[in-house]
2 protein chains.
Amino acid sequence: MAKAAKPLTELEGTTALPRAVPRGGPGVAPCGACAVRPLAICAAMPLEHLAQLAAIVTSVSLTAGQPLFLEGEPARHHFIVTGGALKIYKLLSDGRRQVTGFVFPSDFLGLANKETYAYSAEAMTRTELCRFRREKLEAMLDRFPQLERRLLAVANDELAAAQERMLLLGRKTAKERIASFLTTLGRTTSRRGESKQVVTLPMSRTDIGDYLGLSTETVSRTFTELKLAGIVRLEPKSRVRILDDRKINLLAECEDATLGL
Amino acid sequence: MAKAAKPLTELEGTTALPRAVPRGGPGVAPCGACAVRPLAICAAMPLEHLAQLAAIVTSVSLTAGQPLFLEGEPARHHFIVTGGALKIYKLLSDGRRQVTGFVFPSDFLGLANKETYAYSAEAMTRTELCRFRREKLEAMLDRFPQLERRLLAVANDELAAAQERMLLLGRKTAKERIASFLTTLGRTTSRRGESKQVVTLPMSRTDIGDYLGLSTETVSRTFTELKLAGIVRLEPKSRVRILDDRKINLLAECEDATLGL
DNA sequence: CGACGTCGTTGAGCTATGTCAAAACTGAGC
DNA sequence: GCTCAGTTTTGACATAGCTCAACGACGTCG
């Protein structure tokens with residue numbers, strides 16, 4: 001849980017506090033050398049104008065558990081994650097929580113927001129991000145249609161993923177949810193080059209439960225079930241090794257399960 | 001349920017069948033006179049170039065129960081609904097179904113699709129749509145950045161709505177789901193000018209169940225509960241009258257419940 | 001206008017998953 | 001290596017919502 005750390009935006013807003021968090025201003029973290037650029041929307045930026053992007057970015061970093069922003073705050077920034085991992089979530093007034101997504105390096109963070117943030121975002125590990133003032137990034141979109149096109153594609157993908165999640169939340173059993181979770185996470189981490197057989201879970205059981213619409217206990221029990229069935233092995237450091245690819249994909253029941261991937 | 005009618009795209013694809021369904025080609029349904037344009041993305045089209053939009057549109061109509069397209073088919077078209085109502089849904093291999101959305105006049109239909117449709121779409125009542133070949137609409141986006149900007153805004157809104165639905169599906173009780181459903185539907189229909197107190201439900205109890213992640217029986221029971229609690233009245237012609245605005249908003253627990261609207 | 005098929009409602013019992021509580025593990029610091 | 005706080009796992013029990021089944025309402029079509 002959040003350790004009552006103040007959200008970044010508050011720390012910085014209009015106050016004159018020492019800027020503890022941003023690590024560098026324009027030019028300090030040149031986009032040209034960015035490791036996640038090929039996968040991020042920045043890849044759509046024409047190389048010769050990359051400096052314009054670098055000129056409006058601020059690099060920020062968060063420690064585990066630190067909120068980036070809270071639902072309902074004025075949405076002043078967009079972000080691109082360069083390292084670490086965050087969760088985004090919505091709360092009900094009595095504390096029930098739905099984690100609506102996990103955000104990883106190269107992901108764009110800021111869609112779905114209007115005047116205010118539509119959800120809260122909190123770092124799960126030490127996290128690095130590029131921060132853009134909204135107006136400035138949007139002006140950039142005007143100037144570089146390729147960038148806007150790319151953002152639309154990202155929104156499209158997220159929309160498709162959201163519908164997949166609705167199917168999961170509305171109609172899948174606990175076992176299917178966990179299986180889908182593992183295969184989907186495996187697919188996204190392998191997109192960034194890592195093995196698909198070993199999935200690292202930077203989030204707690206509670207977060208997984210709140211993501212899948214289950215209780216912590218059910219998540220835990222279901223992991224044990226999958227373990228006893230020989231489908232996964234639970235390894236140290238929050239790693240899960242997928243032992244039986246076919247079975248877990250069958251359980252996950254995503255259309256692409258039949259691909260046997 | 002679908003009456004085994006063939007999806008529109010099949011009926012028309014490359015075959016030489018008489019085009020029974022499209023009601024008019026370019027120019028026949030001039031965008032200038034379109035009743036939903038002010039609310040649809042077409043509103044972002046500069047008036048003086050509206051003819052270009054009209055030039056690439058085909059008007060199609062569906063009868064109740066007729067599929068527009070099926071999940072997995074090549075996604076050749078985008079649509080804008082001009083009349084009626086559709087449901088979009090995803091299926092699991094054993095027939096479990098998640099209705100991921102209802103689509104009403106002025107809504108854009110086509111986001112979230114990649115090469116193939118990410119979900120199936122089926123008319124719930126007699127429905128009229130404008131149909132655009134994907135490439136052509138996308139070429140239009142290139143030419144009219146305002147249009148693309150508008151589409152991005154739509155995607156944004158849908159993303160926010162999707163997250164709200166995840167909260168509903170993952171964490172709300174049956175009563176809260178039905179209450180949220182009614183208030184949200186009331187809000188969208190009032191956007192198109194109708195009363196907010198009387199909500200018309202063009203969809204069956206089964207559809208509502210598949211939309212909210214509940215069984216038909218639970219939907220039905222919950223409606224009766226709300227009725228007995230004096231919160232709604234069930235009227236003929238699938239209408240629901242909201243008697244106690246405050247209570248239903250409290251139940252719905254959407255952040256804006258506190259607005260008392 | 002009456003019969004039929006579909007859809008919605010109600011009832012009764014079942015089960016997957018939630019809740020509460022305690023035990024076992026894990027990792028950070030000392 | 002030991003301790004402590006937090007997390008995960010396991011257990012026992014409770015329950016919201018599901019399933020199966022019957023009944024009722026309603027619109028449609030002959």
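Each chain gets a letter, A, B and so on, in the order the sequences are listed, and its residues count up from 1. These figures come from a predicted structure and were not determined experimentally.
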Expected list for residues 218-232 of chain A near DNA chain D, using heavy atoms below 4.0 Å, is Ser220(A), Arg221(A), Thr224(A)

Between NZ of Lys172(A) and P of dA16(C) the distance, given in whole Å, is 18 Å

Is the closest basic N to carboxylate O distance between Arg205(A) and Asp210(A) below 4.0 Å? no

Here the distance between atom C1' of dT8(D) and atom CD1 of Ile178(A), to the nearest Å, is 13 Å

Against the side chain of Leu214(B), the closest entry in dG17(D), dT9(C), dG18(C) is dG17(D)

When we call it a touch if two heavy atoms are under 4.0 Å apart, what does Gly213(A) touch: a base, just sugar-phosphate, or nothing? sugar-phosphate

With no hydrogens and no angle check, do the side chains of Ser180(A) and Thr183(A) hold a donor and an acceptor under 3.5 Å apart? no

With heavy atoms under 4.0 Å as the rule, sort Ser204(B) into base, sugar-phosphate or nothing. sugar-phosphate

Separation of dC7(C) atom C1' from Asp210(B) atom CG, nearest Å, is 14 Å

For side-chain hydrogen bond (donor to acceptor under 3.5 Å, both in side chains), just list the numbers for Lys90(B) and Thr100(B), CA-CA rounded to whole Å, side-chain angles, deciding distance to a tenth of an Å, and then say yes or no.
CA-CA 7 Å; Lys90(B) 292 173 78 82; Thr100(B) 54; over 6 Å; no

Regarding the side chain of Ser215(B), the nearest nucleotide among dG8(C), dT19(D), dG17(D) is dT19(D)

Rounded to whole Å, CD of Glu235(A) lies from P of dT26(C) at a distance of 13 Å

When the ring centroid of Tyr211(B) is compared with that of Phe181(B), is the distance short of 6.0 Å? yes

Taken to the nearest whole Å, CG/Leu212(B) to C1'/dA16(D) is 16 Å

Tested for side chain to side chain contact (heavy atoms under 4.5 Å, CB included) against Ile208(B), the lone hit among Met203(B), Lys87(B), Arg177(B) is Met203(B)

Axis-to-axis angle across the helix from dC1(C)-dG30(D) to dC30(C)-dG1(D), five pairs each end, nearest 10 degrees, ~ 40°

Regarding the side chain of Glu217(A), the nearest nucleotide among dT17(C), dG17(D), dT10(D) is dT10(D)

Between Thr173(A) and Pro236(A), the residue closer to the 5' end of DNA chain C by nearest nucleotide is Thr173(A)

Rounded to whole Å, the CZ-P distance (Arg96(B) to dA16(C)) equals 12 Å

Between CZ of Arg205(A) and P of dT10(D) the distance, given in whole Å, is 10 Å

* Give a yes or no on whether a salt bridge exists between Arg165(A) and Glu158(A), defined as a side-chain N under 4.0 angstrom from a carboxylate O. => no

Per atom distances to the Leu234(B) side chain, the nearest of dT9(C), dT9(D), dG17(D) is dT9(C)

Using 30° and 60° as the class boundaries, would you call the ring planes of Phe69(A) and Tyr119(A) parallel, tilted or perpendicular? tilted

**Prompt:** Do Arg131(B) and Phe79(B) meet the cation-pi criteria used here (NZ or CZ under 6.0 Å from the six-membered ring centre, within 45° of the axis)?
**Reply:** no

Arg239(A) CZ to dT8(D) P, in whole Å, measures 16 Å

So CG of Leu212(A) and CG of Leu168(A): to nearest 0.5 Å the spacing works out to 6.0 Å

Pairing of Arg233(A) and Asp244(A) as salt bridge, 4.0 angstrom limit
no

